[in-house]
Enquirer: 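This structure is in structure tokens; I'll ask about it shortly.
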Amino acid sequence: MTHNCIHWFRKGLRLHDNPALIAAMRDCKQLYPVFILDPWYPNNTKIGINRWRFLIGALKDLDCSLRELNSRLFVVRGKPDEVLPELFNKWKITRLTFEVDTEPHSLQRDEEVLKLARDHGVEVIQKISHTLYNLERIIDENHGKAPLTYVRFQTVLKGVGPPKRPVPPPTLGNMKGVSTPCTDKHEEKYGIPTLDELGQDPQLACPEVYPGGEQEALKRLDEYMDKQAWVCSFEKPQTSPNALSPSTTVLSPYIRFGCLSARTFWWRLSAVYQGKKHSQPPVSLHGQLLWREFFYTAALGVPNFNKMEGNPVCVQVDWDNNPDHLAAWREARTGFPFIDAIMTQLRQEGWIHHLARHAVACFLTRGDLWVSWEEGQKVFEELLLDADWALNAGNWQWLSASAFFHQYYRVYSPIAFGKKTDKHGDYIKKYLPLLKKFPEQYIYEPWKAPRSVQEQAGCIVGKDYPRPIVEHEVISKKNIQRMKAAYAKRSPQTDESPAKEKGKKHKGESIKDMLTKKKKKSA
DNA sequence: GGCAAGTTGGCCGG
DNA sequence: CCGGCCAACTTGCC
């Protein structure tokens with residue numbers, strides 16, 4: 001039997017390692033590659049202009065590549081559960097293929113679509129290619145629960161083996177006997193949207209630093225895989241958050257939209273590592289892909305993963321409702337140049353280094369402003385090209401010491417942290433040119449500069465650039481105590497039965513224990 | 001009991 | 001002046 005097929009692109013905006021697309025081409029007469037632009041989607045999540053532009057780039061590139069296979073991309077406007085049944089009838093569809101997406105709202109949407117397909121007699125083929133592994137399998141192997149530590153995650157993976165190899169991209173051979181019926185009105189009806197159509201003002205766009213698309217992704221991948229020594233010695237915590245050009249690969253936006261397959265990246269790294277000494281997870285580049293997998297698994301296994309309430313792994317904290325603090329942070333006017341420079345880079349370029357995310361996330365939440373991580377999550381969702389539901393929620397919980405990471409007394413200093421990798425403040429001067437003329441000595445703390453120095457620099461603190469929004473040394477100490485209180489509330493069983501702990505120590509108290517205790521007391 | 005990607009700032013010894 | 005150690009201090013897992 002030959003089929004009329006829709007391949008539904010959602011994430012996975014690529015031809016390489018796309019098993020669902022290959023499946024669509026098998027025994028196929030007419031192929032319709034579809035992307036559904038859901039105008040209602042932005043209702044619950046705000047998407048910034050840079051993210052829209054990246055998506056447009058990725059769609060254009062996809063359409064280009066499909067043309068080379070004598071096909072085209074159909075961008076369809078509407079809600080999937082309304083649009084797909086129409087298309088099933090109109091195109092006499094017998095088969096629907098797509099890539100598995102494990103985000104909760106996607107799972108719900110796809111459940112609905114499966115029902116509709118069944119009603120229309122449409123066969124559905126789903127393939128896993130967005131993640132390295134079948135995440136359900138990982139949860140099964142861990143006795144039905146998502147692993148909560150990276151070490152545990154790695155232990156589970158040892159039993160599962162390496163990820164599958166990527167599937168080669170389709171060729172004209174795959175398209176033998178397959179056609180994509182297009183009319184003259186294709187552009188008009190199924191064309192790729194413009195920023196205008198998406199309600200974005202192109203005039204407001206900053207210069208594009210990271211163009212979207214599979215070709216761009218593969219070019220970038222090649223460029224980095226050529227640097228073999230760099231790849232083999234890569235250790236994420238050693239890279240700089242405030243380098244003038246990125247100290248890491250910036251492949252994350254491409255992986256987020258599926259312009260680059262994580263499995264392709266994984267096996268390209270394996271090829272570079274082959275026979276050489278190389279860094280290891282969690283800090284290596286393989287380790288980065290595993291962190292992604294780790295948070296994807298947690299996001300699938302933990303209910304309400306993007307919220308504090310109803311999230312069983314998340315510490316419940318009495319965050320302040322402070323719109324002024326939140327706005328200052330979002331709009332890069334906290335008065336801390338390091339923080340404001342990072343937030344400026346985020347808004348302009350759509351990407352900031354992982355450790356820069358640490359600095360601003362800690363500052364917004366447990367470090368200084370005591371604003372809920374959910375608010376920060378929303379801002380990142382809007383502005384980050386690589387904003388990914390699972391990673392965004394997981395990392396915000398990590399940084400706010402709400403889950404995964406618990407050493408809340410480790411607070412990043414908005415002054416000291418940046419200095420370690422950028423003594424002269426060049427990064428600050430790049431993104432906050434207003435402060436360009438401040439002497440090095442004051443670049444991280446311009447409010448400490450004498451009036452005459454501020455005048456000389458042409459920038460008066462309190463007038464041209466804000467005074468610091470909080471006193472970091474004071475507020476961060478207070479906040480540590482607030483975190484301590486939140487943690488204490490968390491486990492009432494230790495409150496009720498302190499005897500348990502005493503009982504445990506009673507018998508086996510060693511000399512070393514006693515020494516440690518004494519030391520602590522005297523300190 | 002010890003260890004875990006990603007702190008800071010103070011103190012001590014060289 | 002620099003590197004190293006320590007305290008501040010938690011949970012999950014081995």
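Below, chains carry the letters A, B, ... as their sequence lines are ordered, and counting in each starts from 1.
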Enquirer: Under 30°, 30 to 60°, or over 60°: which ring-plane class applies to A:F294 and A:Y150, parallel, tilted or perpendicular?
Expert: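 Geometry flag for A:Y150 against A:F294: tilted rings.
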Enquirer: Counting side-chain heavy atoms from CB outward, which of C:dT10, B:dG9, C:dC14 is closest to A:S413?
Expert: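 Per side-chain heavy atoms of A:S413, the pick is B:dG9.
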Enquirer: Looking only at atom P, what distance separates B:dA5 and C:dA8, rounded to whole Å?
Expert: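 It comes out at 24 Å once rounded to the nearest Å.
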Enquirer: Should stems be defined as at least three consecutive Watson-Crick or G-U pairs with both distances under 3.5 angstrom, which of them involve DNA chain B?
Expert: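 In DNA chain B, stems of three or more pairs: B:1-4 with C:11-14, B:7-14 with C:1-8.
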Enquirer: For B:dC3 and C:dT10, measure between their C1' atoms and round to the nearest Å.
Expert: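 Between the two C1' atoms, the distance is 13 Å.
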Enquirer: Hey, which of A:Y408, A:W291, A:W373 is the one that makes ring-ring contact (aromatic ring centres under 6.0 Å, His included) with A:W398?
Expert: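 Result for ring-ring contact (aromatic ring centres under 6.0 Å, His included) with A:W398: A:W291.
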Enquirer: State whether a side-chain donor-acceptor pair under 3.5 Å links A:Y273 with A:H286.
Expert: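 Distance-only check fails for A:Y273 and A:H286.
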Enquirer: Ignoring backbone atoms, test whether A:K477 places a side-chain nitrogen or oxygen under 4.0 Å from the OP1 or OP2 oxygen of B:dT8.
Expert: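 So the side-chain polar atoms of A:K477 never come under 4.0 Å of the phosphate oxygens OP1 or OP2 of B:dT8.
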Enquirer: Regarding A:Y431 and A:E349, do their side chains bring together a donor and an acceptor under 3.5 Å, going by distance alone?
Expert: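 Looking only at side-chain atoms, A:E349 and A:Y431 do form a donor-acceptor pair, the distance falling under 3.5 Å.
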Enquirer: Do A:Q126 and A:D110 pair up side chain to side chain, a donor and an acceptor below 3.5 Å, judged on atom types alone?
Expert: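 There is no such pair (donor and acceptor under 3.5 Å, judged by atom type) between the side chains of A:Q126 and A:D110.
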Enquirer: Are the ring of A:W291 and the base ring of B:dA5 both nearer than 5.5 Å at their centres and tilted by less than 30°?
Expert: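 Stacked: ring centres under 5.5 Å, planes under 30°.
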Enquirer: What's the closest nucleotide to the side chain of A:I480 if the choices are C:dC9, B:dT8, C:dG12?
Expert: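 Of C:dC9, B:dT8, C:dG12, C:dC9 is nearest to the side chain of A:I480.
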Enquirer: Do the rings of A:F305 and A:W389 sit parallel, tilted or perpendicular, given the 30° and 60° boundaries?
Expert: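 A:F305 and A:W389: tilted rings.
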Enquirer: May I ask you to verify if any side-chain N or O of A:R410 is less than 4.0 angstrom from the OP1 or OP2 atom of C:dC9?
Expert: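 Looking at the OP1 and OP2 atoms of C:dC9, neither is under 4.0 Å from any side-chain N or O of A:R410.
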